[in-house]
Amino acid sequence: MNKNLIALAVAAATFSGAASAATVYSDDTSSLAIGGRVEARALLSENAKNENALLLTQQTSNDVTDISRVRVNIDAKTQIADGVQGIGYFEREFKSDNANDENRYMYAGVNSDKYGQIVYGKADGSLGMITDFTDIMAYAGSVVGGSKLAVSDRTSNNLAYSGTFNNLTFKANYVFDGAAYNDTTGQKTNQNGFSTAAKYTVGDTGLALGVGYAQQKDQTAANNSVNQTSKQTFAVASYTVGDLYFGGLYKYGHRDANNLENGDLTDSQGYEFAAAYTMGKAVFTTTYGFMKDERNTSGAYDELANAVSVDGTYYFNSNFRTYASYTYNMLDKNKVGKVAASDQVVLGARYDF
């Protein structure tokens with residue numbers, strides 16, 4: 001039981017309910033499963049409102065915000081050859097305020113039991129497998145891993161491959177040129193690139209290692225000029241012994257971040273540490289992440305992230321859990337503002353189906 005709970009904690013970013021999905025249809029060649037989660041979340045932190053778009057007047061208060069959400073997914077498979085399946089997956093997220101409802105996943109492709117899986121649509125990039133080494137919290141995300149480029153994260157227009165061969169897992173994806181529009185100017189923009197990652201589990205030692213790379217171009221369709229080319233490299237390691245888990249992450253980015261004080265595009269460098277301890281049906285996790293402006297030629301404030309998070313989760317069973325999470329933000333509020341430097345307290349209850 002303990003090892004299963006630690007596995008749930010470490011895989012929290014990807015455990016969307018599919019693991020407990022109910023099969024609603026099945027025959028000799030095809031199956032259809034429906035799963036998801038209902039998650040009630042109350043957030044206490046500084047909230048801001050821009051009263052004037054030009055003056056950017058900021059009002060803050062420590063209100064409780066309802067950030068509850070529901071996810072529903074459909075997982076379909078059909079046998080198309082010996083050891084080969086056609087697959088389709090869809091997941092929709094509904095927010096409490098209806099403002100940011102989104103299709104999280106929408107892809108189809110082919111899976112081979114021997115050679116791996118290839119899909120196209122809105123699917124995961126390759127670096128999520130790497131950032132999951134430290135993205136283990138019940139609520140608070142990885143402050144360094146959360147800065148990964150769009151082409152390496154969950155994104156649309158994405159051709160993605162993943163395969164596991166004994167102790168090695170390999171992923172690669174390419175995001176094609178696609179159309180998006182700037183909400184302010186109405187100008188059409190394109191974003192494309194690729195990412196790749198590998199993870200290796202060292203036998204039964206409890207040690208796992210990983211490395212990943214991503215490159216992305218942002219273009220403006222008006223003259224097809226390249227505004228910027230961004231690059232990121234990640235390296236990670238983890239060690240599991242008994243009921244304890246330890247993870248570490250290092251990132252170096254080229255033109256992949258913005259200075260929090262003056263907005264300058266810059267290189268970044270960061271690291272993150274994570275730990276988890278399972279005690280019966282309870283899992284306790286903590287992370288510390290730090291990231292800085294690596295170039296900072298202007299002399300502006302150079303910290304991009306500096307936070308420690310702790311939380312506790314209690315699993316009543318495989319379907320229902322409750323948790324409490326606290327993030328202590330160590331950014332300088334006099335430099336980046338109260339909102340960007342605010343602490344967060346979250347209470348949550350989650351039902352997976």
For this session: Output, in order, the C-alpha distance, side-chain angles, deciding distance and verdict of salt bridge (Lys or Arg N to Asp or Glu O under 4.0 Å) for E102 and R154.
Result: CA-CA 12 Å; E102 65 166 332; R154 186 180 68 252; 3.5 Å; yes

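- Rounded to the nearest 0.5 angstrom, D153 CG and L127 CG are separated by 8.5 Å.
- Linking ILVMFWY residues whenever their side-chain heavy atoms come closer than 4.5 Å, directly or via other members, leaves L149 and L249 in distinct clusters.
- If you check the side chains of T164 and T169, you find a donor sitting under 3.5 Å from an acceptor.
- A salt bridge does not link R295 to D293: none of the charged side-chain nitrogens sits closer than 4.0 Å to a carboxylate oxygen.
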For this session: Output, in order, the C-alpha distance, side-chain angles, deciding distance and verdict of side chain to side chain donor-acceptor pair (under 3.5 Å) for Y326 and D343.
Result: CA-CA 8 Å; Y326 177 72; D343 297 347; 3.0 Å; yes

Exercise. Can you list the steps and then say if T322 with F316 is a side-chain contact (heavy atoms from CB on, under 4.5 Å)?
Worked result: CA-CA 8 Å; T322 58; F316 290 87; 3.7 Å; yes

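- Within the structure, the ring pair (Phe, Tyr, Trp, His ring centres under 6.0 Å) test picks out the following pairs touching residues 283-305 (sequence neighbours left out): Y271-F290.
- If you check the side chains of E91 and Y107, you find no donor sitting under 3.5 Å from an acceptor.
- Distance alone, capped at 3.5 Å, is enough to place a donor-acceptor pair between the S68 side chain and the R41 backbone.
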For this session: Report the C-alpha distance between N317 and Y315 in whole Å, list the side-chain angles of each, state the deciding distance to 0.1 Å, and finish with yes or no for side chain to side chain donor-acceptor pair (under 3.5 Å).
Result: CA-CA 5 Å; N317 53 40; Y315 292 83; over 6 Å; no

For this session: Take E272 and T134 through the side chain to side chain donor-acceptor pair (under 3.5 Å) test and state the conclusion after the steps.
Result: CA-CA 7 Å; E272 193 160 52; T134 54; 2.9 Å; yes

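- A salt bridge does not link K292 with E303: every distance from a Lys NZ or Arg NE/NH1/NH2 to an Asp or Glu carboxylate oxygen is 4.0 Å or more.
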For this session: Mind running salt bridge (Lys or Arg N to Asp or Glu O under 4.0 Å) on R321 and D352 for me, showing each step along the way?
Result: CA-CA 9 Å; R321 74 189 77 170; D352 291 278; 3.2 Å; yes

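- The ring pair (Phe, Tyr, Trp, His ring centres under 6.0 Å) search around F246 returns none, not counting sequence neighbours.
- The cationic group of R92 does not satisfy the cation-pi geometry with F90, failing either the under 6.0 Å distance to the six-membered ring centre or the 45° limit from the ring axis.
- To the nearest 0.5 angstrom, Q344 atom CD is 9.5 Å from L44 atom CG.
- Looking at D311, its side chain does come within 3.5 Å of a backbone N or O of A138 through a donor-acceptor pair.
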For this session: Could you walk me through whether N259 and S298 pass side chain to side chain donor-acceptor pair (under 3.5 Å), step by step?
Result: CA-CA 10 Å; N259 185 284; S298 64; 5.4 Å; no

Exercise. Run the salt bridge (Lys or Arg N to Asp or Glu O under 4.0 Å) check on K338 and E46 step by step: do they pass?
Worked result: CA-CA 7 Å; K338 288 184 178 180; E46 296 277 11; 5.4 Å; no

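- Between the side chain of T78 and the backbone N or O of G86, no donor-acceptor pair lies under 3.5 Å.
- With K251 as the partner, the side-chain contact (heavy atoms from CB on, under 4.5 Å) test is satisfied by one option alone out of D256, T233, T131: D256.
- A centroid separation of less than 6.0 Å is found between the aromatic rings of Y174 and F176.
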Problem set entry | Residues V211, L209; criterion side-chain contact (heavy atoms from CB on, under 4.5 Å); working and verdict | CA-CA 7 Å; V211 63; L209 304 170; over 6 Å; no

